[in-house]
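Please read all numbers here as calculations on a predicted model, not as lab measurements. Letters A, B, ... are given to chains in the order of the sequence lines, protein chains preceding strands, and every chain is numbered from 1.
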There are 2 protein chains.
Amino acid sequence: MTAPAPIPGEREPLGRRDYEKELRDAGVRITRPRRTILRILSETDDHPDALEIYRRAIRTDPSLSLSTVYRTMKLLEDRGAIQRHAFAGGPARFEQDHGAHHDHLIDIDTGDVIEFTSDKIEALQDEIARSLGYDIVHHRLELYGRKRRKR
Amino acid sequence: MTAPAPIPGEREPLGRRDYEKELRDAGVRITRPRRTILRILSETDDHPDALEIYRRAIRTDPSLSLSTVYRTMKLLEDRGAIQRHAFAGGPARFEQDHGAHHDHLIDIDTGDVIEFTSDKIEALQDEIARSLGYDIVHHRLELYGRKRRKR
DNA sequence: CTTTTAATTGCAAATAATTTGCAATTGCAT
DNA sequence: ATGCAATTGCAAATTATTTGCAATTAAAAG
Ligand SMILES: [Mn+2]
Ligand SMILES: [Mn+2]
Ligand SMILES: [Zn+2]
Ligand SMILES: [Zn+2]
């Protein structure tokens, strides 16, 4: 089983991290479940929870267990390969860490998750923390909103 | 048993909401457990979780149950009497709703919770949501930080 | 103050999300 | 190919919270 050659014309985001290599180099074994889960995370642009990742995973590897999904998410989080989110109410949801930080707007009617960034807000947060004598290690900003009624 | 007369000199925050009356007027029965819990919430300025509220409550009423704490928190939340927070990791934590919105900075070493407000950030959030076609219904902003090392 | 009755409570059991112990399996360095 | 620690699947345990139900009680009515 050779790695598929890059298909010309197929958009492969430049600079996409090679998690498999990163993990291997860090001394982490690349097992079938881990490869499956990594692929699922790389193929999606939404924010699936553990159960959803599990459902998608068993389509490829029916013997893979939910425990392994949880264990793998923890491993990937510790390695900085993914981000874990805990949106209001529901279970933890995950997404690949693409390097660039962003925050989320959740549509309270549909559950849709929209990503956004704001350098201004990030700067203000730093400023506030500093004025309180703190350095921010991480933060969480979630906007819960409803689509604006048509004019 | 008459209500204690206001003690002159005793600082009774002006405009503090009379939750007992508000609830009674809304048709909610004022029971012993509820009175106990309301008093605990009014006496603290931290953010206790259900178990901590329970522990404080049974000092006054040993028969009060944890179930009732949970049920009461839900009732108070629905009535807008308290705010429920879900800081990273731990169980839900509560605080009386004093009307003025604020956000939190959590000291990741000590667990201390520091409150702050920023009109600028609030305004930016509205602006961002609007630009995405949304109206904010509520939001969550938590800064997790570490005390700045003495320069 | 007694009666009346629906709201409320305590307790135990149920849920939901996640974690963990352990024996069997497997990646991967020799 | 071999050896063994890392990893996995499964079941059971944990943590936080919710719920069914019979007993209790707040407060409306008399
Ligand atoms: Mn995201
Ligand atoms: Mn607060
Ligand atoms: Zn941010
Ligand atoms: Zn805010």
Side-chain angles (χ1 to χ4, degrees), chain A residues 1 3 19-38 40 47-55 57-79 81-94 111, chain B residues 1 3 19-38 40 47-55 57-79 81-94 111:
Chain A
M1 195 134 295
Y19 294 105
E20 203 160 310
K21 179 173 191 320
E22 279 185 36
L23 291 173
R24 200 188 298 275
D25 289 350
V28 174
R29 288 188 184 176
I30 301 306
T31 62
R32 197 150 115 81
R34 286 177 180 166
R35 211 188 307 273
T36 300
I37 291 170
L38 281 173
I40 288 168
H47 302 74
D49 60 26
L51 193 55
E52 175 59 25
I53 292 170
Y54 168 71
R55 288 204 196 90
I58 56 178
R59 298 203 288 246
T60 295
D61 175 1
S63 74
L64 191 154
S65 77
L66 183 54
S67 294
T68 295
V69 172
Y70 278 112
R71 276 190 284 234
T72 302
M73 298 329 277
K74 173 127 47 192
L75 177 115
L76 295 179
E77 186 186 12
D78 291 345
R79 291 296 178 294
I82 63 170
Q83 292 281 314
R84 171 191 303 260
H85 302 295
F87 298 142
R93 297 171 64 168
F94 309 89
Chain B
M1 194 132 295
Y19 294 105
E20 203 160 309
K21 179 172 191 320
E22 279 185 36
L23 291 172
R24 199 188 298 277
D25 289 350
V28 174
R29 288 188 184 176
I30 302 305
T31 61
R32 197 149 117 82
R34 286 177 180 166
R35 211 188 307 272
T36 300
I37 292 170
L38 281 173
I40 288 168
H47 302 75
D49 60 25
L51 193 56
E52 175 59 23
I53 292 170
Y54 168 72
R55 288 204 195 90
I58 56 178
R59 298 203 287 246
T60 296
D61 175 1
S63 74
L64 192 154
S65 77
L66 183 54
S67 294
T68 295
V69 172
Y70 277 112
R71 277 190 284 234
T72 302
M73 298 329 277
K74 173 128 49 192
L75 176 115
L76 295 179
E77 187 186 12
D78 291 344
R79 291 295 177 291
I82 62 170
Q83 292 281 313
R84 171 192 303 259
H85 302 296
F87 299 141
R93 298 171 63 169
F94 309 89

Could you run through nucleotides 17-27 of chain D and give me one letter per nucleotide, 5' to 3': B if any protein heavy atom sits under 4.0 Å from the base, S if only the sugar-phosphate is that close, - if neither? BBBB----BBS

CG-CZ distance between A:Leu66 and A:Arg55, expressed to the nearest 0.5 angstrom: 9.5 Å

Tell me the interatomic distance from A:Arg79, atom CZ, to D:dA6, atom P, rounded to whole angstroms. 12 Å

Validation row: B:Leu23, B:Leu38 side chains within 4.5 angstrom (heavy atoms): yes

Side-chain heavy-atom pair A:Arg35, A:Asp61 within 4.5 angstrom cut-off: no

Select one nucleotide: of D:dT8, C:dG10, C:dT8, the one nearest the side-chain heavy atoms of A:Arg34. D:dT8

Do B:Arg79 and B:Glu22 make a side-chain contact, defined as non-hydrogen atoms from C-beta onward lying under 4.5 Å apart? no

What's the angle between the local helix axes at either end of the helix from C:dC1-D:dG30 to C:dT30-D:dA1, using five pairs per end and rounding to 10 degrees? 30°

Taking all non-hydrogen atoms of both residues, which atom of B:Pro91 and which atom of B:Asp49 are closest, and how far apart? CG-OD2, 3.5 Å

Closest non-hydrogen contact found for B:Ala50 with B:Phe94 is N-CE1, 3.8 Å

Take atom CG of A:Leu75 and atom P of C:dT19, then tell me their distance rounded to the nearest Å. 13 Å

Please round to the nearest 0.5 Å and tell me the distance separating atom CZ of A:Arg24 and atom CZ of A:Arg29. 11.5 Å

Within the structure shown, what part of the strands sits under 4.0 Å from B:Leu64 by heavy-atom distance: base, sugar-phosphate, or nothing? sugar-phosphate

Which residues pass the side chain to side chain donor-acceptor pair (under 3.5 Å) test with A:Asp78, not counting sequence neighbours? none

To the nearest Å, how far apart are A:Ile58 CD1 and D:dG9 P? 12 Å

To the nearest Å, how far apart are A:Tyr54 OH and C:dT19 C1'? 16 Å

So which one's nearest nucleotide on DNA chain D is more toward 5', A:Gly27 or B:Leu51? A:Gly27

